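Working notes for the structure below.
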Amino acid sequence: MHFQTAKRISGVKASEIREILKVTERADVISFAGGLPAPELFPIDEIKAVNQLILDEAGQKALQYSTTEGFPALRQWIAGRMNQRLGTDFDADNILITHGSQQALDLSGKVFLDEGDIVLCESPTYLAAISAFRLYGCRFIEIPTDDGGMIMAELEKQLAAHPEVKLIYVIPDFQNPTGRTWNLERRRQLAEISAKYETAVIEDNPYGELRFEGEFLPAVKSFDRLGNILCTGTFSKIFCPGYRIGWIAGDKEIIKKYVLVKQGVDLQCNTMAQMAIAKYLQMYNIDDHIDKIRETYKKRRDLAVATMRQTFPANVTFTKPQGGLFLWVELPEGVNARDVLTKSLKQNVAFVPGGSFFPNGGKENTFRLNFSNMPEERIVEGLTRLGSVLKEYIS
Ligand SMILES: Cc1ncc(COP(=O)(O)O)c(C=O)c1O
């Protein structure tokens, strides 16, 4: 049977990460590829307890359909947390619960993008955001970045040249893939520039809570005068990704549009999962849990960076992120990270080549390393093996 599929699906390729992740399921592979949290930190006993409790206390309600907007107590908690942490001014009606923040990105495509629209994003940016937006037929203009975040003069240049731009997509905290964090001034400037051009901004923030050192910075949203900035968030990295619970937060009028769109997608998120998380937040101190995650990841980052300093060739550079799950490696010009990956997979070590994080291609001499998922001894062993591959390959 030859299916006549929609035009939008014809150019869609398998995500490189998903393909690499298939290899990494083998137990002998040391994987720095996925964005997986440390599974040993999932609070399994607590999750058992809260599930039992909600079934005992509100079983019928927990198993019934519920509202598209999401479980009120959870939306209330999220609004309070964002106000306290990020300097926003939300209440529960500003929040829509989504199937992970990934669904919030897809819904953003549905709400904002028509065929041929332009999305401005950091160069490089999150691969699955590129995939989500691309399905709506948009094209991307990449804005160069440095250690302080997106370069604002370049952003303004593009907005002046293309005032019809629909969306600016950014990840200011411990960015995926680079691990970099925007400084305060850039956050303020993005809010100002996007207001000047009346352009919507999606501020994607799955990692902000996982800071190892330095001051927490206010969200770009906290400088929003116009109501053009939307924020996404998630329980995936501070609790567990398996529940698939995230959110989008923004002005009530635009959130109502997201609600309408979500109704056509899946009606609502899993009632039981939302109630379980809300119960967990009521019964336990999530800050203690997040502290444990931060401590573990900081140790892993330190170990990764120390091992790379010892074993990688001197002309290979890398970021040392202040939080999050990833760091970013640059090889000398002309070296292709995909070729390095082929060699390193022979040593049972996996990572993600950087090229696919650039929506318009290029920069094949880069790759992303995840440091949250592997236990300490495997980090040292895997990066030492990778160091040998690089030395052999580069010199
Ligand atoms: C920048 C960014 N946004 C969104 C997501 C989606 O996460 P989730 O759907 O689990 O909330 C991820 C996952 O790794 C990510 O790195």
Side-chain angles (χ1 to χ4, degrees), residues 15-18 20-21 24 31-39 41-42 70 74 78 81-82 95-109 119 121-134 140 145 149-150 167-182 201-211 219-221 230-249 258 262 265-266 269-270 273-274 277 290 293 297 319 321 323-328 351-352 354 356-359 368-373:
S15 145
E16 185 160 30
I17 296 191
R18 300 284 138 200
I20 297 168
L21 284 181
T24 63
S31 177
F32 302 105
L36 307 185
L41 298 180
F42 296 151
L74 190 61
I78 292 165
R81 182 74 173 193
M82 293 184 82
I95 313 291
L96 167 68
I97 304 291
T98 56
H99 246 106
S101 45
Q102 188 63 35
Q103 185 182 45
L105 300 179
D106 177 59
L107 296 180
S108 301
V119 175
C121 64
E122 293 157 292
S123 180
T125 190
Y126 171 48
L127 180 54
I130 303 173
S131 315
F133 296 150
R134 191 165 265 157
F140 295 89
T145 55
M150 189 182 255
L167 209 57
I168 304 171
Y169 170 71
V170 295
I171 313 151
D173 291 276
F174 322 124
Q175 199 238 18
N176 182 0
T178 62
R180 286 180 182 140
T181 296
W182 290 33
V201 175
I202 308 285
E203 180 178 18
D204 189 11
N205 187 9
Y207 307 110
E209 293 265 4
L210 304 181
R211 182 174 268 287
V220 176
K221 176 72 188 169
L230 291 133
C231 309
T232 64
T234 182
F235 286 101
S236 291
K237 305 302 192 301
I238 56 170
F239 191 61
C240 65
Y243 269 133
R244 307 305 302 125
I245 297 294
W247 63 89
I248 182 141
Y258 275 77
K262 185 170 162 69
V265 176
D266 59 359
C269 287
N270 181 320
Q274 296 180 69
I277 296 178
I290 295 173
I293 300 175
Y297 292 2
T319 57
L325 272 63
F326 303 109
L327 56 80
W328 183 244
F351 57 81
V352 184
S356 26
F357 297 96
F358 297 86
R368 188 192 75 176
L369 284 177
N370 164 274
F371 53 79
S372 60
N373 182 243

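When a ligand or atom number is given, it counts from 1 through the structure's own listing order. The shown structure was predicted, so the numbers you read here are calculated from the model rather than taken from an experiment.
Using modelled atom types, no side-chain atom of S372 and backbone atom of A38 make a donor-acceptor pair closer than 3.5 Å. With hydrogens and angles disregarded, a donor-acceptor distance shorter than 3.5 Å links the side chain of S31 to the backbone of A33. Between the side chain of Q102 and the backbone N or O of A128, at least one donor-acceptor pair lies under 3.5 Å. Not one N or O on the side chain of R211 forms a donor-acceptor pair closer than 3.5 Å with the backbone of G208.
The shortest N or O to N or O distance between K237 and ligand 1 is under 3.5 Å. Geometrically, ligand 1 and S236 share a nitrogen or oxygen pair separated by less than 3.5 Å.
Atom 9 (O) of ligand 1 has its closest protein heavy atom at R244 NH2, 2.7 Å. Closest protein heavy atom to atom 5 (C) of ligand 1: Y126 OH, 3.3 Å. When hydrogens are left out, the protein atom nearest atom 7 (O) of ligand 1 is S101 OG, 3.4 Å; that is the closest non-hydrogen contact. Looking from atom 3 (N) of ligand 1 to the surrounding protein, the closest heavy atom is D204 OD2, 2.5 Å.
Residue contact check: P206 has heavy atoms under 4.0 Å from atoms 1 (C), 2 (C), 3 (N), 15 (C) of ligand 1. Ligand 1 places these atoms under 4.0 Å from at least one heavy atom of T234: 8 (P), 11 (O).
Remark: distances from the non-hydrogen atoms of Y207 to ligand 1 include one below 4.0 Å. The closest approach between G35 and ligand 1 stays at or above 4.0 Å for every heavy atom of the residue. Contact analysis leaves Q175 out of contact with ligand 1, as no non-hydrogen atom separation drops below 4.0 angstrom.
Under the rule for a ring-ring contact (aromatic ring centres under 6.0 Å, His included), Y297 has no partner lying at least two apart in sequence or in another chain. Applying the ring-ring contact (aromatic ring centres under 6.0 Å, His included) criterion to F239, with sequence neighbours excluded, gives Y280.
Side chains of T125 and E122: no donor on one and acceptor on the other come within 3.5 Å.
Outside the 6.0 Å centre-distance limit, the rings of F326 and F371 are not counted as a close aromatic pair.
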